[in-house]
Student: 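The structure follows.
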There are 2 protein chains.
Amino acid sequence: MRLSLMQKTIQKRTLKTRAKLIAASEEVIAKGGYEALRVEEVVQAAGVAKGTFFAHFRDKDALMEILIGEKLNACLTQAEGHGTPKTVPDLIEALEPVHQFMTSERYVFDLIIRYSGAAAVAEIGPIAYCFERYFRLVEAWMQTVDTRTDITPELLAEGVQAFAIQSMSLKYCALHSAQSFSDRLETYLKAWLTPAA
Amino acid sequence: MRLSLMQKTIQKRTLKTRAKLIAASEEVIAKGGYEALRVEEVVQAAGVAKGTFFAHFRDKDALMEILIGEKLNACLTQAEGHGTPKTVPDLIEALEPVHQFMTSERYVFDLIIRYSGAAAVAEIGPIAYCFERYFRLVEAWMQTVDTRTDITPELLAEGVQAFAIQSMSLKYCALHSAQSFSDRLETYLKAWLTPAA
DNA sequence: ATGCTAAAATGACCGCGGTCAATAATAAAT
DNA sequence: ATTTATTATTGACCGCGGTCATTTTAGCAT
């Protein structure tokens, strides 16, 4: 007999259904992008009922967090493989895949920003995890790039993140479309990492 | 007879209906906050049909932009009245009403971020306008605060904005709740405005 | 006053995310 | 193999934002 405090056993079919849902979602997204995804379309493609979807994911955003988080992680892995950058342009180039994906769709950018923070320490979501990973990566790089030394690498990295987000935001702002994303970020980071006065 | 190219005349009742809708919205928000606002509740309180709402506002977000933009403008006016700040803590104090309102509700913060950029130069929305105003205000202050001089006040102001947003974001992140909003922003701004190396 | 036309208001309707009581399938115990 | 307790699935249903063909009203011309 099972003890009352035992954790609920997960049936094999649960994993299969979940995999079907994820696969169907990726199919739908490959066809029309993230924004156009409809839960009804996903469950139809997966061959399950609508209620099943919400038994596997808290809501539509939770699925998006997983899918976008996966992609983001792949981009971060790619960035890590770039080799430690030595200059600001090099740093920007190394992070390019990440920034590229984050601004691939307005919907994606907004969702990432919305879930970039962990609502509770206990349950850090996929995207919050990616932000932490981005931060740690840049922090490590800060010791190889030739920067100012009056503040900690941690603070330097937080600043890089802040300026990267600012630059991405301005990509969607018609008032500041004179400069390209890379140029703007370069201006910011030079001023942040190597101040002259 | 009216000419075909004449602009459509606006009837008096249009203004009255719009005013009723705005007033009803403010009432509803005063009761339960921005997030809990339901269009159905607003139109019921205003005594009009649902379709009327959407004849006056493109969508629910458009109404929110107007209402939140109004509040933001009031906060900015208050900030302007504070007198030109001379130190970083003073700068933070001067901007406090603005930051306070922006983080009064998670829903409000997300909406502000989402509409902070003007989608098209032609149609700059209320919130994008406030961002521009915030930026100009800080830019002007940059000439009185004792800062580094190697970069333009414009760039300095953009950085202040970026760090303010970063600090507000982290307010909603349980992983970084050790520091308070003001302390974190102060750390950022000191490093940004008065680098030591 | 009356007729006419453009503007404004209406509410039934739709799309889509999300819920939940009922039902089916699974795995363990006998 | 049968029973039983638990987990997974189902689909009718709801809430709420948004649409649009139809109706009502305002304002001008006669």
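Here the structure is a predicted model, which is why all the values come from computation and not from measurement. Naming: A, B, ... by sequence-line order, numbering from 1 per chain.
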Student: To 10°, what angle do the rotation axes through the five end pairs on each side of the helix from C/dA1-D/dT30 to C/dT30-D/dA1 form?
Tutor: 10°
Student: When the distance from CZ of A/Arg13 to C1' of C/dA27 is rounded to whole Å, what number comes out?
Tutor: 11 Å
Student: If you take any heavy atom closer than 4.0 Å to DNA chain C, which residues from residues 50-70 of chain B end up in contact?
Tutor: B/Gly51, B/Thr52, B/His56
Student: Does A/Glu80 pair with A/Arg133 as a salt bridge, N-O distance under 4.0 Å?
Tutor: yes
Student: Do A/Asp110 and A/Arg114 meet the salt-bridge criterion of a basic N to acidic O distance under 4.0 Å?
Tutor: no
Student: Report yes if a side-chain nitrogen or oxygen of B/Thr9 is closer than 4.0 Å to either non-bridging phosphate oxygen (OP1 or OP2) of C/dA7; otherwise report no.
Tutor: no
Student: Once you round it to whole Å, what is the distance between C1' of D/dA8 and CD of A/Gln11?
Tutor: 6 Å
Student: For a quick test of reading the model, state the closest non-hydrogen atom pair linking A/Ala36 to A/Glu41 and the distance between them.
Tutor: O-OE1, 4.4 Å
Student: Would a distance-only check, ignoring hydrogens and angles, find a side-chain to backbone donor-acceptor pair under 3.5 Å from B/Glu40 to B/Lys50?
Tutor: no
Student: Rounded to whole Å, please give me the gap between NZ in A/Lys12 and C1' in D/dT9.
Tutor: 18 Å
Student: Are A/Leu156 and B/Leu155 grouped together when hydrophobic residues (ILVMFWY) are joined by side-chain heavy atoms under 4.5 angstrom apart?
Tutor: yes
Student: Whole-Å distance between D/dA26 C1' and B/Ile10 CD1?
Tutor: 14 Å
Student: Does D/dT9 have its OP1 or OP2 closer than 4.0 Å to a side-chain nitrogen or oxygen of A/Thr17?
Tutor: yes
Student: Would you say the side-chain atoms of A/Lys60 pair up with the backbone N or O of A/Leu37, donor to acceptor, closer than 3.5 Å?
Tutor: yes
Student: Would you name the heavy atoms of A/Glu105 and A/Tyr34 that are closest together and state the gap between them?
Tutor: OE2-N, 2.8 Å
Student: State, to 0.1 Å, how close A/Gly159 and A/Trp192 come at their nearest heavy-atom pair, and which atoms those are.
Tutor: CA-NE1, 3.5 Å
Student: Would you say B/Arg184's side chain and B/His176's backbone share a donor-acceptor pair under 3.5 angstrom?
Tutor: yes
Student: Check whether any side-chain N or O of A/Thr14 sits under 3.5 Å from a backbone N or O of A/Ile10 as a donor-acceptor pair, and report yes or no.
Tutor: no
Student: Using a strict heavy-atom distance below 4.0 Å, which residues from residues 20-49 of chain B are in contact with DNA chain C?
Tutor: B/Val48, B/Ala49
Student: Quick check: does any side chain N or O of A/Asn73 sit under 3.5 Å from a backbone N or O of A/Gly69, one acting as donor and the other as acceptor?
Tutor: yes
